[in-house]
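The next block holds one structure in the form of structure tokens; read it before the comments.
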Amino acid sequence: MHFSSRSGYFAHSGSPDDVSDWQPLYEHLEGTALLAEASGAAVGLPLCARLAAQFHDFGKYDPAFQLRLRGSGNAVDHSTAGGKLIVDRATAATRFASDLLAHAILGHHAGLPDSAGSPASVEPRLDRFVDSIAPAVTTAISMDLEPAARELMARCRPETRDFDLSLAGRMVFSCLVDADFRDTEAFYDRLEGRSRDRDWPGLDDIIPQLRAAFDRHMAVFSAATDLNFLRAEILSHIRAQAPRPPGLYTLTVPTGGGKTLASLGFALDHAALHGHRRIIYAIPYTSIIDQTAAVFKELFRDYSDVVLEHHSAIDSEKPGQEARDKLRLAMEDWAAPIVVTTNVQLFESLFAARPSRCRKLHNIAGSVIILDEAQCLPRPLLLPTLRMIDALAAQYGCTIVLCTATQPALDSAQLTAGLDLAGRELAPDPDVLSSRLRRARIVHGGTMDDAALTEALRETPQGVVIVNSRKHALSLYHALQAEGVEGAMHLTTRQYPAHRRKIIAEIKARLAGGLPCRLIATSLIEAGVDLDFPSGWRAEAGLDSVIQAAGRVNREGRRPLNDSTLTVFAAPDNAPPPEVRNLAKAMHSTAQRFGHDALLQPDAIRDWFGEVYWRAGAERLDKHGIVGKFLAARGGLSFQYRSTAEAYRMVEDRMVPVIIETEDSAGAIAQLAIEQISSGKIARALQSFTVQIPTQDRAKLLLSGKGEFRAEHLRGDQFFVLTEGALYRQDTGLWWEGADELGEGQWNI
């Protein structure tokens, strides 16, 4: 962008009576452009990212905006002018590029818009825009869109052009909003004399040390048992695959085979050989992310700031806040060498529209992404999810490993619009491993109510019962208490993560010491929680869940196979939700063909996934038609970014965090009152002390005076702290439903 009439225009204000410390507009545009271009280079889109940044605040050349900086108080749309200018100067050859840049520019505050369909969409905004910028400024602008258009089309494959274009637009948007945040933040930091330590070490700088730490850990990790020798054999085979080229891979290792550490070893070796920028480990459940993150942090404990644990416990941006308020929020950009996150955070960000969630996308490019428990990818969103996985691997240098004990049928040879996974297995022969790692039997126990389960546990000193809902788990736990069953324990997402870690440690100690231990839990323990019970019971569910539950029985192989049983049962008074009911029905069909005792065999697993995936049909695997929401035609783009963000929800029921104040969390909570400490830093410290509850229930806690937004004048409605300590119990966690009735002496549930 070249023109001379740029003095006297400002991007951000400083002292109210002295413009000498205000940020010149040309300085902000150029600073943002340099940052965006650097980020864009990593995703193959430097020219597009630079153009978007150069024109994102072009509307601030409007005299009305300059008056607003001086206190006029009138709202001014400064996000449309740059997009309008680029679209007006487009040719037929650059139409897609100009439209895509316009989406990014118009959305850099409010979020990526749809092309049409509402007043906030791109087309109506451009149509009704009234340009108040001086003609001398506009006519002096020169731009060349053709190199950017060529760069953009290089990110697209003919067979998936439209979806690839939409992802390229997201990457440009990510580069833009991240650069805008960073440049604005730097200006206000200089103005207010603040300094921030925002730099993470680069993976390429420290990967030799991380690999050495990993090798030391594995060398002394465990005792010399047959199972550990097999785990070492599996690890060696998988790490030997690291020289294979970047792309899509599967890693199929039965539960207990050490796939978590084996996949990390592969990721470290693969990144060292191919120059990947970071490792992202995505887990299906928030409830277990803290355990995996703790393992990695302990493994790399000598290297600070290596592992970022990030999930959706505390939100980081509220729409409508002014730019300066956003400076108090450290939006995560995933610049850490190793990121441990959830599927929800990863994929909902990739399909998001909000700037705070999209900001990290350009840092996902060039990563090794381990999708742990890949069978948990939600079926109603499966096709758009697979399309995103494929595009990241094909166009953005990602290596993506589908890591699971029960590999779902996602191969294009079996699933229409599936992934090309032929010859992509990293583990040694999965069928052979399945036989060698089988340590439990599955039997069907028919119908069992809570009384029958209580009696079964009474006769079993150590056992686990896994049910489909928190409500059922709580009622069964209370039944054990009422019957005086010794060693009754309860594990639920009603407990905050740090508390669950302590409970898991106590469970392990009781199991190792031969003490009574009857655990009641939900499916949260089925992935990533390493517990080893002599026997277990699982309420009817999908075969993938049943197999994961079986992995908590005789996990270390110390007991005879015939004595290690998982009993699947029907719960007459606690019917599963429709989705689980349908998966259980498919499992019954598979069990009728193979027998329950054969459900752990690979043929039976493939048969069940065939029932669930292959015969589901596209309409059930793309419930909201997301793949079809992005169309590029001769007249331009018809992209539904905002609508897609609203539709792509891995968790349909939105949950919000409640912070539990303890001796361990009190320090971070106190920091909320200190303006100089960023919200992002505090949020990371408080993730392990939050419980997710329904939005309406948190509102009731607020109205009843049982909780409050702490430091609201600084942080807004980000940090909700429970003030009624009696609502949190050490055995059952947070019982928010009792807030209205709770009074002195009333707590007895």
Side-chain angles (χ1 to χ4, degrees), residues 43 111-112 160 163-164 166-171 173-174 248 278-289 292 308-313 315-316 332-334 339-396 398-404 408 410 415 417-419 527-528 579 613 621-627 629-630 640-655 692:
V43 297
L112 277 169
T160 54
F163 188 89
D164 289 351
S166 74
L167 180 54
R170 294 183 187 281
M171 290 295 180
F173 183 66
S174 173
L248 297 172
R278 61 188 41 81
I279 296 168
I280 299 172
Y281 207 98
I283 299 170
Y285 307 116
T286 301
S287 57
I288 62 169
I289 186 177
T292 302
L308 169 66
E309 176 187 352
H310 186 207
H311 52 78
S312 56
D315 206 358
S316 59
E332 300 293 352
D333 56 11
W334 283 15
V339 178
V340 183
T341 188
T342 60
N343 286 348
V344 171
Q345 183 64 235
L346 173 62
F347 286 106
E348 288 194 3
S349 294
L350 284 163
F351 286 96
R354 284 172 44 197
S356 62
R357 298 206 76 175
C358 291
R359 177 180 180 179
K360 65 177 75 74
L361 301 190
H362 68 281
N363 278 333
I364 294 175
S367 299
V368 180
I369 303 174
I370 308 295
L371 298 180
D372 195 25
E373 310 299 345
Q375 78 281 353
C376 294
L377 293 174
R379 275 160 282 276
L381 298 171
L382 188 64
L383 293 188
T385 303
L386 295 183
R387 186 68 61 88
M388 182 64 73
I389 289 171
D390 181 54
L392 288 173
Q395 300 294 90
Y396 293 97
C398 291
T399 288
I400 302 177
V401 181
L402 304 171
C403 184
T404 177
L410 304 180
L415 178 69
L419 302 172
E579 169 71 4
Y613 286 143
L621 301 179
D622 187 5
K623 177 180 177 182
H624 304 289
I626 288 172
V627 172
K629 289 183 182 292
F630 300 97
Q640 299 183 50
Y641 283 121
R642 186 72 55 86
S643 301
T644 293
E646 294 169 356
Y648 191 97
R649 289 281 184 257
M650 283 193 162
V651 179
E652 293 289 349
D653 297 327
R654 294 286 92 180
M655 307 286 274
Q692 301 287 323

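Numbers for residues simply follow the sequence, beginning at 1.
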### Message
Any heavy-atom pair between the side chains of L167 and Y396 that's under 4.5 Å?
### Response
yes
Shortest non-hydrogen pair, I626 vs P384, comes out as CG2-CB, 3.8 Å
Side-chain donor or acceptor of D372 paired with backbone N/O of A282 under 3.5 Å = no
query: Using a distance-only test with no angle check, is there a side-chain donor-acceptor pair under 3.5 angstrom linking K360 and S349?
result: yes
_Could you walk me through whether Y281 and V368 satisfy the side-chain contact (heavy atoms from CB on, under 4.5 Å) test, starting with their C-alpha distance in whole Å, then the side-chain angles of each, then the deciding distance to 0.1 Å, before giving a yes or no?_
CA-CA 8 Å; Y281 207 98; V368 180; over 6 Å; no
Determine, using ring centers only, whether Y641 and F630 are less than 6.0 Å apart.
yes
So OG of S174 and CG of D333: to nearest 0.5 Å the spacing works out to 9.0 Å
Across all chains, not counting sequence neighbours, the side chain to side chain contact (heavy atoms under 4.5 Å, CB included) partners of S367 are R278, I280, I369
dist L392:CG -> M171:CE (nearest 0.5 Å) comes out at 5.5 Å
Those residues at least two apart in sequence (or on a different chain) that pass side chain to side chain contact (heavy atoms under 4.5 Å, CB included) with A645 are A353
Here the gap from L112 atom CG to S166 atom OG, rounded to the nearest 0.5 Å, amounts to 10.0 Å
Any side-chain heavy-atom pair of R379 and E579 under 4.5 Å:
yes
Exactly one of T399, L410, L419 clears side-chain contact (heavy atoms from CB on, under 4.5 Å) with L248, and that residue is L419
| said: Using side-chain heavy atoms (C-beta onward) and a distance below 4.5 Å, is F173 in contact with L361? | reply: no
Closer than 3.5 angstrom, by distance alone: can the side chain of T342 be matched with the main-chain N or O of Q345 as a donor-acceptor pair?
yes
Is any side-chain heavy atom of F163 closer than 4.5 Å to a side-chain heavy atom of M388? yes
Item to check | Under 3.5 Å: donor-acceptor pair, side chain of R170, backbone of C358 | outcome: no
In short, ring pair (Phe, Tyr, Trp, His ring centres under 6.0 Å) pairs touching residues 349-370 with sequence neighbours left out are F351-Y648
What one should report as the nearest heavy-atom pair of T644 and K629 is OG1-CD, 3.2 Å
- Query: Below 4.5 Å, heavy atoms only, C-beta onward: do I364 and V339 meet side chain to side chain?
  - Reply: no
Interatomic distance, CD1@I370 vs OG1@T292, rounded to 0.5 Å, equals 12.0 Å
For L386 and G418, the nearest pair of non-hydrogen atoms, with its separation, is CD1-CA, 4.2 Å
Residues P284 and E373: closest non-hydrogen pair is CG-CB, 3.7 Å
CZ of R387 to CG of D164, rounded to nearest 0.5 Å, is 8.0 Å
When every non-hydrogen atom of T404 is compared with those of A374, the smallest separation belongs to CB-N, 3.9 Å
When rounded to the nearest 0.5 Å, the distance separating CZ of R354 from CD of E348 is 10.5 Å
- Query: Can any side-chain N or O of N343 pair as donor or acceptor with the backbone N or O of L377 at less than 3.5 Å?
  - Reply: no
Taking every heavy atom of C398 against every heavy atom of A365, the minimum-distance pair comes out as SG-CA, 4.0 Å
